[in-house]
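Side chains are part of it too, since the values below use all heavy atoms of this structure and drop only hydrogens, waters and symmetry mates.
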Amino acid sequence: MSGVSGPISRSDATPTAATGADEALAAEVLAAADAIVDDFAHHRTEAYFAGFADDATFVFHTADRRLESRAEYEALWAQWEREDGFRVHACRSSDRRVQLLGDTAIFTHAVDSRIELGGQVDDVTERETIVFARRDGRWVAVHEHLSPRA
C-alpha cells in the first residue's frame, strides 16, 4: 500500500446532493478530506492536525475515552510516537461518501493504513466518519470517529 488514492470518481464518492452547486460543495469537502488523509499517510503531523478545528472531538476504538480537543489528540499522538514508536507509513481511502447538511458535511469512508508500533509494521483496516463544518470559508474537521472493520 502506498499513499492515498488519487482523485475520486463518481463511483468512489456519492454526494447526496444533485445540483451543481451542491456537487461543488461536496468536491470541496472531499478535497479537505483528501488533504487530511494524505497528510496522515505521509506522517506530516503539523499539516494533518491543521485540518482539524481546535475544538474538534475524536472517538477512537483504540482510546479509552473521547478526546475533547485537537490539542488532546496531538498530545496523545506525541505520546504514541515517544512511547510506542508510532509512525504512519501509508493510508488509502475508499468507499467514500459525502452528505451535505447546510454548513455541515459528513464524510464516511473505509481506511486501509500501514502503521508502525513498537518496531512492527502492520496493516490496519478501519471505518471512519469525519464531520466537517464550513468556517471562515473553508471546510474544517470538527469530529472524527474511527472504528475497526472486519
J.: Keeping H43 on the side-chain end and V88 on the backbone end, is there a donor-acceptor pair under 3.5 Å?
T.: yes
J.: Which residues satisfy the side-chain hydrogen bond (donor to acceptor under 3.5 Å, both in side chains) test with E83, sequence neighbours excluded?
T.: Q79
J.: Any heavy-atom pair between the side chains of V131 and T104 that's under 4.5 Å?
T.: yes
J.: Enter the distance from S69:OG to E74:CD here, rounded to the nearest 0.5 Å.
T.: 8.0 Å
J.: List the steps, then state whether salt bridge (Lys or Arg N to Asp or Glu O under 4.0 Å) holds for D34 with R96.
T.: CA-CA 11 Å; D34 283 342; R96 299 148 56 91; 2.6 Å; yes
J.: Going hydrophobic residue to hydrophobic residue with side-chain gaps under 4.5 angstrom, can you get from V124 over to I130?
T.: yes
J.: Run the numbers on D38 and R44 for salt bridge (Lys or Arg N to Asp or Glu O under 4.0 Å), then give the verdict.
T.: CA-CA 8 Å; D38 191 55; R44 292 187 296 254; 2.5 Å; yes
J.: Side chains of V59 and L146: closer than 4.5 Å at any heavy-atom pair?
T.: no
J.: Just so I know, are the side chains of T45 and E81 near enough to count as touching, which here means a heavy-atom distance under 4.5 Å?
T.: yes
J.: To the nearest 0.5 Å, what is the distance between OG on S113 and CZ on R92?
T.: 10.0 Å
J.: Begin from the C-alpha positions of T129 and I106 and carry the test side chain to side chain contact (heavy atoms under 4.5 Å, CB included) through to its verdict.
T.: CA-CA 7 Å; T129 299; I106 301 168; 3.8 Å; yes
J.: Counting C-beta onward and ignoring hydrogens, is there a side-chain heavy-atom pair between V29 and L100 closer than 4.5 Å?
T.: yes
J.: Is the shortest side-chain heavy-atom distance between L30 and E28 below 4.5 Å?
T.: no
J.: For F86 and F40, take the angle between the two ring planes, folded into 0 to 90°, and tell me which bin it lands in: parallel under 30, tilted 30 to 60, perpendicular over 60.
T.: tilted
J.: Are V111 and W77 connected into the same hydrophobic cluster when the rule is that any two of I, L, V, M, F, W, Y join if their side-chain heavy atoms are below 4.5 Å apart?
T.: no
J.: State, with a plain yes or no, whether a side-chain heavy atom of Y48 is found less than 4.5 Å away from one of I36.
T.: yes
J.: If you measure from the Lys or Arg side-chain nitrogens to the Asp or Glu carboxylate oxygens, is any gap between D112 and R149 under 4.0 Å?
T.: yes
J.: Quick one: do the E128 and H145 side chains pair a donor with an acceptor below 3.5 Å?
T.: no
J.: Compare all side-chain heavy atoms of D39 with those of V37 and state whether any distance is below 4.5 angstrom.
T.: no
J.: Would a distance-only check, ignoring hydrogens and angles, find a side-chain to backbone donor-acceptor pair under 3.5 Å from R70 to F49?
T.: yes
J.: Going from OH on Y73 to CZ on F60, what distance comes out if it is rounded to the nearest 0.5 angstrom?
T.: 4.0 Å
J.: Find out if a path of hydrophobic residues (ILVMFWY) with successive side-chain heavy-atom gaps under 4.5 Å connects L67 to V142.
T.: no
J.: Compare every heavy atom of A141 with every heavy atom of A56, then report the nearest pair and how far apart it is.
T.: CB-O, 3.7 Å
J.: Go through the structure and list residues passing side chain to side chain contact (heavy atoms under 4.5 Å, CB included) with E68, not counting sequence neighbours.
T.: T57, R66, E72
J.: Centroid separation under 6.0 Å, is that true for the rings of W139 and F132?
T.: no
J.: Looking only at heavy atoms, what is the nearest atom pair of P148 and H61, with distance?
T.: CD-CG, 3.4 Å
J.: Is it true that L25 and V140 fall in one hydrophobic cluster, defined by side-chain heavy atoms closer than 4.5 Å?
T.: no
J.: Would you call D55 and H143 a side-chain contact if the rule is heavy atoms closer than 4.5 Å?
T.: no
J.: Any side-chain donor-acceptor pair under 3.5 Å between H109 and S93?
T.: yes
J.: Let me check something: do L76 and L117 share a hydrophobic cluster, defined by ILVMFWY side-chain heavy atoms less than 4.5 Å apart, either directly or through other members?
T.: yes
